[in-house]
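Order of the sequence lines sets the chain letters (A, B, ...), proteins ahead of strands, with each chain counted from 1. We use all heavy atoms of the structure for the numbers below, so side chains are in, but hydrogens, waters and symmetry mates are not.
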Number of protein chains: 2
Amino acid sequence: MTSADTPLKPCHGPAGEQDAPRRGRPRSEAAEQAIYAAVEKLMEDGTGLSELSIERIAAEAGVGKATIYRRWPNKEALLVDVVARLEEPLPPLGGPTYRDDLISAVDYMRRRGLIKRSRWIVRSALGQMNAWPELKHTYHERVVHPRREMVRQIVRRGVAAGELRADLDVELLCEMLIGPILLRTVLWDDAPLEDPDLPRQMVDAALQGIGARPPVPPVPPVPPVPRVSSAS
Amino acid sequence: MTSADTPLKPCHGPAGEQDAPRRGRPRSEAAEQAIYAAVEKLMEDGTGLSELSIERIAAEAGVGKATIYRRWPNKEALLVDVVARLEEPLPPLGGPTYRDDLISAVDYMRRRGLIKRSRWIVRSALGQMNAWPELKHTYHERVVHPRREMVRQIVRRGVAAGELRADLDVELLCEMLIGPILLRTVLWDDAPLEDPDLPRQMVDAALQGIGARPPVPPVPPVPPVPRVSSAS
DNA sequence: GGCTTACGATACGAGACCGTCTCGTATTGA
DNA sequence: TCAATACGAGACGGTCTCGTATCGTAAGCC
């Protein structure tokens with residue numbers, strides 16, 4: 001069920017390949033890559049999930065339909081492999097502070113959001129994947145769940161260290177931290193994402209709050225502040 | 001272009017109705033309501049945008065296809081009217097403080113998120129509306145733009161009053177405030193939304209920040225702050 | 001060379017949907 | 001009464017897609 005017992009095995013490669021060495025003409029690796037490339041190109045062109053037909057993919061790849069059906073039993077299986085292939089590994093954690101890890105995580109989201117294929121998948125996933133349970137499951141298992149677990153882990157570390165408020169729900173803490181970047185990467189087309197400093201701004205804004213108050217210096221190089229806590 | 005010159009006129013009602021009093025049998029209001037109800041029912045059942053065919057709508061409504069085509073020229077026009085009909089008016093602003101307005105705005109989002117039709121539209125909008133420019137435009141003009149403008153207006157009021165940090169981008173401020181609720185209403189199926197106190201928690205968490213620090217009394221009874229604006 | 005399999009291309013049947021049109025019937029105004 | 005329009009139902013031609021099958025050809029193993 002969970003991704004614990006299925007440790008994200010690569011799972012790549014179309015079905016039926018590891019068996020006995022085939023006898024006749026071997027399958028063309030080039031054709032396979034052309035198929036993947038065609039799907040990704042169509043995604044980046046903004047093709048809707050319903051317009052993404054096998055025939056269109058075959059035409060775009062310069063490949064016969066049979067070459068696709070020889071590898072995947074149907075469109076859903078192909079897309080499952082495409083989704084599984086696309087995700088880059090999560091960023092390594094274990095930075096000096098939990099704040100560094102948070103910034104890394106948000107920056108990972110930012111970089112993913114800059115990739116059109118990635119955005120395409122998220123948006124298609126939201127509206128259309130109800131009809132495609134296997135694809136939805138794979139997407140959730142390989143993309144959604146690992147990301148959420150990563151953020152939760154960092155947040156719990158911050159809470160345990162007494163550096164994040166313990167009076168708030170962990171879910172709410174996570175949402176406060178990644179909400180802004182997810183909005184920009186998923187919901188809004190025109191949102192700017194290029195600034196590499198954006199994740200730091202977002203994380204520090206979430207940590208310090210956006211309400212005006214006697215300015216508190218940003219967290220890292222705490223300089224001596226004359227008046228900080230009027231009450232303990 | 002903008003919604004300024006088109007002040008959100010009701011725009012309801014299928015085409016061709018305001019002319020001379022028709023001669024023959026008048027159009028059935030019941031059929032019209034049945035069509036709208038059928039679309040909304042299919043939305044709530046999770047039907048994907050691509051499975052939402054005219055024939056299915058007609059069958060669900062117990063109506064002939066011609067009765068639909070007599071009112072709308074195609075599926076897109078029908079859905080435009082459905083979307084336009086669905087939105088409830090934005091909450092009134094002008095609460096005692098900008099914080100009250102923020103909570104009202106977030107609570108509006110929360111209540112919208114509890115309505116399955118509303119979620120369906122948002123999700124479908126994200127992935128599929130590229131192919132349907134008129135529908136996308138209507139949705140943006142009647143839903144997205146007014147909401148964003150409402151939040152921006154509140155935020156600007158807070159900034160002008162010196163109660164929101166002026167060193168952050170207005171867009172970022174908005175995202176910090178409505179990010180968490182939009183995540184729960186749009187992206188995550190299983191997120192709890194029932195708690196009516198949720199908007200207050202979210203707004204106050206955004207204002208005060210989620211970093212642990214010497215507790216600061218909640219915002220409302222703003223203590224007299226000696227130094228506010230160092231720069232205009 | 002012969003066997004086997006993959007290749008691109010394309011024909012095929014099945015089925016969903018679109019938008020139009022035609023039934024027979026119902027409901028209005030003139 | 002009668003013309004006009006709407007109604008539900010569904011046939012119709014057209015388009016699109018799916019998944020299978022069949023070409024002639026290409027590329028490996030024996």
Say you draw a straight line from CD1 of B:I210 to CG of A:L173; how long is it, rounded to the nearest 0.5 Å?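 Between atom CD1 of B:I210 and atom CG of A:L173 there are 5.0 Å.
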
Listed partners of [X] passing side-chain contact (heavy atoms from CB on, under 4.5 Å), at least two apart:
X: B:V63; result: B:A31, B:I35, B:A61, B:T67, B:I68
X: A:V186; result: A:V122, A:L126, A:L182, B:L187
X: B:S118; result: B:E87, B:R112, B:I115, B:R147
X: A:R157; result: A:Y98, A:D101

Let me know the distance between [atom1] of [X] and [atom2] of [N], rounded to the nearest Å.
X: B:E32; N: D:dA6; atom1: CD; atom2: P; result: 12 Å
X: A:I35; N: C:dA6; atom1: CD1; atom2: P; result: 13 Å
X: B:L78; N: C:dC18; atom1: CG; atom2: C1'; result: 14 Å
X: B:R56; N: D:dA9; atom1: CZ; atom2: C1'; result: 19 Å
X: A:E51; N: D:dT15; atom1: CD; atom2: P; result: 18 Å

Aromatic ring proximity, centroids under 6.0 angstrom, A:Y139 and A:W120: no

Please examine the side chains of A:E76 and A:P133, heavy atoms only from C-beta on, and report whether any two atoms are closer than 4.5 Å. yes

Do A:K41 and A:R117 come within less than 4.5 Å of each other through their side chains, counting heavy atoms only?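 Of all side-chain heavy-atom pairs linking A:R117 with A:K41, none is under 4.5 Å.
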
Can you see if the side chain of B:T67 gets near the phosphate of D:dG8 - specifically, an N or O under 4.0 Å from OP1 or OP2?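 Checking D:dG8 against B:T67, a side-chain N or O does come within under 4.0 Å of OP1 or OP2.
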
Estimate the overall bend of the helix from C:dG1-D:dC30 to C:dA30-D:dT1 from the end axes over five pairs each, rounded to 10 degrees.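 For the helix from C:dG1-D:dC30 to C:dA30-D:dT1, the axes at either end differ by 10°.
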
Assign a letter to each nucleotide of nucleotides 19-30 of chain C from its 5' end: B, base within under 4.0 Å of a protein heavy atom; S, sugar-phosphate only; -, no contact. BBB----BBBS-

